[in-house]
Every structure is written in C-alpha cells, then in structure tokens.
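Since the structure is predicted, the reported quantities are computational estimates derived from the model, not experimental observations. Worth knowing before you read on, the calculation uses all heavy atoms, side chains too, and leaves out hydrogens, waters and symmetry mates.
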Amino acid sequence: MKIAADKVVELDYKLTVNGETVDQSEPGEPLTYLHGHSNIIPGLEQAIEGRSAGETLQVTVQPEDGYGPRDEDNMDELDRADFEDDIEVGMTYYAQAEDGSVLPFTVLSLDGDTVKVDFNPPLAGEVLNFEVTVLSVRDATTEELEHGHAHSAGMHDHE
C-alpha cells in the first residue's frame with residue numbers, strides 16, 4: 001500500500017539541522033499521522049507521498065516547506081510582571097492570543113523588567129534534513145477521518 005491522502009502512516013525519523021540531531025522518534029514509538037491532513041510539515045509530507053512500508057529515504061526540506069522563513073518582526077518585548085514563574089533565557093513559554101489560540105515563544109533575553117521574546121518557531125528559517133523509514137501504511141478509520149488525525153491504540157477509549 002502506498003502513502004496517499006487518508007492513509008495512516010507510521011514513520012521512524014531523525015531530524016538534523018546543520019549536522020546536529022534536533023529530534024528523532026524513539027525506538028518502538030514511531031511517529032503516526034494521517035496523511036494529507038496537514039499533520040506534519042508540508043515538505044516532508046510531499047516527499048514521502050507514494051512511498052511504501054519498508055522504504056528508507058533522505059529528505060531535505062527548505063524553510064518555505066518546513067516551519068517557514070524567519071520573521072525578524074515576529075519578536076516582542078514583554079513585561080516581566082506578565083510571567084508567573086521564574087524566567088529562563090532559551091526556554092519556551094506559551095501565550096494565549098485574543099482568539100484563544102496558544103502561541104509558543106522563546107525567551108531571548110532579560111533586561112530589568114523587560115523580557116525580549118521570539119514568536120518564530122525555533123526551526124523557522126532552517127533547512128531540515130530528515131532520515132525517514134516508512135514502517136507501515138494503512139487505511140484510516142472513519143473516526144480518524146472525522147477527527148482529522150491518526151489514533152493510536154486506546155487514544156479515544158471511553159469508559
């Protein structure tokens with residue numbers, strides 16, 4: 001069975017940026033996702049379409065098809081009083097936008113009562129290098145299609 005829209009795919013992957021491993025699946029814990037529903041970055045999804053279980057491939061994803069280009073205007077200065085906890089430079093925190101969505105941001109620096117933050121995704125502007133092994137491909141269930149994502153065993157069990 002080939003990877004196509006509405007298929008559930010299990011992948012082992014390793015992501016490197018500038019030769020450094022920044023993310024990878026754990027042994028026995030593959031990434032499981034519903035193909036064609038924007039559940040993984042577009043460049044990776046496009047590259048593995050049509051592949052089958054057992055295939056291993058190298059995929060290079062440019063920023064436009066990954067986490068987007070870096071936007072220098074996507075930084076801000078917040079008041080230290082807006083933070084409930086101690087603030088650590090380099091840590092990721094989450095802000096709630098007016099529409100209720102959650103925006104992750106990274107603390108760049110502290111200067112007195114001013115906290116400089118970056119709302120760009122940490123990998124924005126980076127070329128992503130994936131090493132991917134397709135472990136399995138199956139048809140999605142009706143429930144998975146309705147929910148728009150893959151379900152792992154026991155994920156939506158009701159008591």
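- The structure places CD of Glu45 at 8.5 Å from NE2 of His37, a figure rounded to the nearest 0.5 Å.
- In this structure, OG1 on Thr32 lies 11.0 Å from CG on Asn39, to the nearest 0.5 angstrom.
- Salt-bridge check for Glu49 with Arg51: failed, with every basic side-chain N at 4.0 Å or more from each acidic carboxylate O.
- Salt-bridge check for Asp139 with Lys7: passed, with a basic side-chain N closer than 4.0 Å to an acidic carboxylate O.
- Heavy atoms of other residues, nucleotides or ligands lying less than 6.0 angstrom from CG of Asp79 number more than 12.
- Counting only distance, with no hydrogens or angles, the side chain of Asn129 and the backbone of Val17 share no donor-acceptor pair below 3.5 Å.
- Residues Val127 and Ile48 are members of separate hydrophobic clusters, defined by side-chain heavy-atom contacts under 4.5 angstrom among Ile, Leu, Val, Met, Phe, Trp and Tyr.
- Looking at every heavy atom in both residues, Gly66 comes nearest to Leu128 through CA-CD1, 4.1 Å.
- Side-chain atoms of Val9 and Arg138, non-hydrogen and from C-beta on, never get closer than 4.5 Å to each other.
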Report the C-alpha separation of Glu77 and Val115 in whole Å, then their side-chain angles, then the decisive distance to 0.1 Å, and conclude whether the side-chain contact (heavy atoms from CB on, under 4.5 Å) test is met. CA-CA 5 Å; Glu77 291 186 348; Val115 182; over 6 Å; no
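- With sequence neighbours left out, the side chain to side chain donor-acceptor pair (under 3.5 Å) criterion links Tyr13 to Asp23.
- Residues Pro63 and Glu126 approach most closely at CG-O, 3.6 Å, considering heavy atoms.
- Side-chain heavy atoms closer than 4.5 Å link hydrophobic residues (I, L, V, M, F, W, Y) into clusters, and following such links, possibly through other members, connects Val117 to Tyr93.
- Heavy atoms of other residues, nucleotides or ligands lying less than 6.0 angstrom from CG of Asp99 number more than 12.
- Atom CD of Glu72 has more than 12 neighbouring heavy atoms from other residues, nucleotides or ligands inside a 6.0 Å radius.
- For the pair Val134/Leu11, a side-chain contact is recorded, criterion being any heavy-atom separation below 4.5 Å from C-beta on.
- Going from atom NE2 of His151 over to atom OG1 of Thr141 covers 6.5 Å, rounded to the nearest 0.5 Å.
- Heavy atoms only, all atoms of each residue included: Gly43 and Val59 are closest at O-CG1, 4.3 Å.
- Looking only at side-chain heavy atoms (C-beta outward), Leu108 and Val89 stay at 4.5 Å or farther from each other.
- Note on ring orientation: taking the six-membered ring where Trp is involved, the planes of Phe105 and Phe119 are tilted (angle from 30° to 60°).
- No path of Ile, Leu, Val, Met, Phe, Trp and Tyr side chains, each step under 4.5 Å between heavy atoms, connects Val132 with Leu34, placing them in separate hydrophobic clusters.
- Lys14 places a side-chain heavy atom less than 4.5 Å from the side chain of Thr16.
- Hydrophobic cluster membership differs between Ile3 and Leu135, with clusters built from Ile, Leu, Val, Met, Phe, Trp and Tyr side chains linked at under 4.5 angstrom.
- In summary, the side chains of Ser25 and Asp12 do present a donor paired with an acceptor at a separation below 3.5 Å, with no hydrogens or angles considered.
- No continuous path of ILVMFWY side-chain contacts below 4.5 Å connects Ile40 to Val8, so the two sit in separate hydrophobic clusters.
- In this structure, CG in Leu103 is found 11.0 Å from CG in Asp76, a value given to the nearest 0.5 Å.
- To the nearest 0.5 Å, the span separating CG on Asp6 from NE2 on His35 amounts to 9.5 Å.
- A heavy-atom distance below 4.5 Å is found between the side chains of Ile87 and Arg80.
- Note that CG of Leu31 is 12.5 Å distant from CD of Glu26, once rounded to the nearest 0.5 Å.
- Using modelled atom types and a 3.5 Å distance limit, the side chains of Glu144 and His149 yield no donor-acceptor pair.
- Asp65 places no side-chain N or O within 3.5 Å of a backbone atom of Pro42 that could act as its donor or acceptor partner.
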Show your reasoning for whether side chain to side chain donor-acceptor pair (under 3.5 Å) applies to Thr106 and Asp118. CA-CA 5 Å; Thr106 304; Asp118 184 353; over 6 Å; no
